[in-house]
Amino acid sequence: MNDEGPRIVETDGGLSVVYGERWLYSRRAPLESALRIARSIELQSSTLYIVPSPCLGYGLDALLARLPPDSALLCIEFDRRLAKLCEAAQEPYRGLSRIAFIDEADPGSALLAALDAARGLGRFRRVAKLRLGQGEELHAPRYQEFVSALEVELSMSWRNKIALLRNSRLWAKNFFFNIGQIDWSRVASSVVPGAQAVAVCGAGTTLDLALPFLRGAGPELHIMACDTAAGALAKAGVRVDSVVCLEGLVYNVADFLPLERQPLLSFIDLSAHPSSYRAVEGPLCLVASHWMESALHERLAASRLPCLAVDPL
């Protein structure tokens with residue numbers, strides 16, 4: 001394709017779009033070919049359909065007429081010149097229910113806009129790509145990256161729902177026990193590390209590769225570790241400045257043993273297992289995961305207790 005911009009051209013079967021030397025619709029029957037695709041697709045319920053490069057909007061009417069009530073269309077255009085050219089043709093569809101348009105050159109910002117347009121990705125069970133023309137070929141890798149990112153977000157949303165169903169009673173039980181048992185004299189009023197940089201250590205397979213660097217780090221680097229990584233770092237002779245514990249079950253408490261109760265700053269969730277509070281020494285920074293919409297969390301937010309509010313899971 002040369003650098004010639006997109007243009008709308010007249011054919012015997014209606015208007016089509018040419019971008020350089022590439023036809024984005026059929027040369028002979030642009031509208032009918034898109035309608036044929038839209039009418040032949042087997043649409044599923046609870047599905048967010050991604051329409052890459054909707055161009056002139058051909059086929060959208062047919063899709064909306066057949067779309068299950070719990071599904072939706074999300075049209076995305078990554079080519080700014082094409083988006084500008086086809087803006088007027090797409091205007092009648094904008095503002096309709098169960099369809100949204102995103103015109104973005106950056107896949108990252110497009111993903112954020114998509115999550116907002118979907119109004120709660122968790123109401124869908126799957127994401128599917130639905131191609132009505134050839135515009136996707138202009139930026140094929142970026143469209144695939146976008147769809148894959150949405151699939152990851154959807155999968156995470158459902159995993160979080162399952163975790164909520166399984167653990168919400170345990171988290172609530174821990175929450176009430178911890179609120180009644182916390183030594184409030186240990187609760188830190190400030191959690192700003194004195195160091196200029198922070199190394200955040202998880203318990204992944206690459207942690208071993210970082211050990212030589214972490215052993216040689218001076219006080220200008222604050223080393224923060226999740227509970228599972230803290231013990232591994234201590235065994236390897238690495239200084240641990242702070243630890244993070246969000247686990248509601250008792251199993252991770254053993255990971256604190258190699259720390260030998262040395263004083264350090266601990267970020268501990270109010271829903272964490274109560275033993276976590278007894279397994280560490282030093283100041284506490286209380287973390288309040290907002291794991292569900294409830295009067296309990298509303299009252300906690302209004303209580304002005306020294307808790308750092310974080311997103312759930």
Side-chain angles (χ1 to χ4, degrees), residues 152 156 159-160 163 167 170-171 173-291 300-301 303-313:
V152 169
M156 186 183 302
R159 289 201 304 270
N160 287 351
N167 298 322
L170 170 67
W171 293 335
K173 176 184 175 182
N174 291 345
F175 175 91
F176 285 113
F177 186 92
N178 291 332
I179 283 289
Q181 296 294 320
I182 289 174
D183 180 358
W184 292 96
S185 66
R186 295 177 58 195
V187 177
S189 58
S190 174
V191 297
V192 179
Q196 294 181 347
V198 179
V200 182
C201 302
T205 56
T206 59
L207 183 61
D208 289 343
L209 301 178
L211 292 179
F213 166 75
L214 294 172
R215 286 195 196 97
E220 69 279 0
L221 179 68
H222 182 99
I223 301 177
M224 173 185 289
C226 75
D227 46 11
T228 310
L233 292 176
K235 287 180 180 179
V238 174
R239 181 192 82 252
V240 178
D241 297 309
S242 64
V243 65
V244 178
C245 182
L246 310 178
E247 179 57 59
L249 298 173
V250 71
Y251 307 115
N252 285 21
V253 175
D255 296 317
F256 295 128
L257 295 178
L259 295 174
E260 298 179 343
R261 304 188 69 84
Q262 58 178 294
L264 73 168
L265 177 62
S266 299
F267 295 83
I268 303 186
D269 200 296
L270 287 173
S271 63
H273 194 276
S275 297
S276 303
Y277 287 83
R278 300 191 293 270
V280 293
E281 297 287 343
L284 302 175
C285 175
L286 302 181
V287 177
S289 295
H290 197 112
W291 72 81
L300 176 64
S303 69
R304 298 186 179 277
L305 290 176
C307 299
L308 179 66
V310 297
D311 290 334
L313 304 170

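Nothing fancy with the numbering, it's 1 onward along the sequence.
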**Student:** Could you measure the distance from the SG atom of Cys245 to the CG atom of Leu284? Nearest 0.5 Å is fine.
**Tutor:** 11.0 Å
**Student:** Just so I know, are the side chains of Leu246 and Trp171 near enough to count as touching, which here means a heavy-atom distance under 4.5 Å?
**Tutor:**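 Sidechains of Trp171 and Leu246: no contact.
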**Student:** Quick one: does Asn174's side chain have a donor or acceptor within less than 3.5 Å of a partner on Gly248's backbone?
**Tutor:**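 Yes.
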**Student:** How many angstroms lie between CZ in Phe256 and CZ in Arg278, if you round to the nearest 0.5 Å?
**Tutor:** 12.5 Å
**Student:** At what distance, to the nearest 0.5 angstrom, does OG of Ser266 lie from CG of Leu259?
**Tutor:** 8.5 Å
**Student:** Using every non-hydrogen atom in the two residues, find where Cys201 and Ile223 come nearest and quote the distance to one decimal.
**Tutor:** SG-CG2, 4.1 Å
**Student:** Just by modelled atom types, is the Pro219 backbone N or O under 3.5 Å from a matching donor or acceptor in the Arg239 side chain?
**Tutor:**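 Pair absent, no side-chain N/O of Arg239 close to backbone of Pro219.
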**Student:** Taking Asp255 for the side chain and Gly231 for the main chain, is one N or O donor matched with an acceptor at less than 3.5 Å?
**Tutor:** no
**Student:** Can you see which heavy atom on Ala236 is nearest to which on Arg215, and at what distance?
**Tutor:** O-NE, 2.7 Å
**Student:** Going by heavy atoms in the side chains, are Val238 and Phe213 under 4.5 Å from each other?
**Tutor:**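 They are not in contact (no side-chain heavy atoms under 4.5 Å apart), so the answer is no.
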**Student:** Heavy atoms only: give me the nearest Leu221-Ala199 pair and the separation to one decimal.
**Tutor:**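 Looks like CD1-N, 3.8 Å.
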**Student:** Compare all side-chain heavy atoms of Asn178 with those of Leu286 and state whether any distance is below 4.5 angstrom.
**Tutor:** no
**Student:** Between Leu233 and Leu207, is there a side-chain heavy-atom distance shorter than 4.5 Å?
**Tutor:**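 The answer is yes, as the side chains (C-beta and beyond) meet within the 4.5 Å cut-off.
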**Student:** Identify the two heavy atoms, one from His222 and one from Ser242, that lie closest to each other, and give their separation to 0.1 Å.
**Tutor:**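 It is NE2-OG, 2.8 Å.
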**Student:** Report yes or no: does Asp241 contribute a side-chain atom to a donor-acceptor pair with the main-chain N or O of Met224 at less than 3.5 Å?
**Tutor:**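 No.
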**Student:** Shortest non-hydrogen contact from Ala203 to Cys226?
**Tutor:** N-SG, 3.9 Å
**Student:** Could you tell me whether the side chain of Glu247 reaches within less than 4.5 Å of the side chain of Ser276, counting heavy atoms only?
**Tutor:** no
**Student:** Could you tell me whether the side chain of Leu270 reaches within less than 4.5 Å of the side chain of Ile182, counting heavy atoms only?
**Tutor:** yes
**Student:** Distance check, rounded to the nearest 0.5 Å: Asp269 atom CG versus Cys307 atom SG?
**Tutor:** 9.0 Å
**Student:** Looking only at non-hydrogen atoms, find the nearest pair between Tyr277 and Arg186 and report the distance.
**Tutor:** O-NH1, 3.3 Å
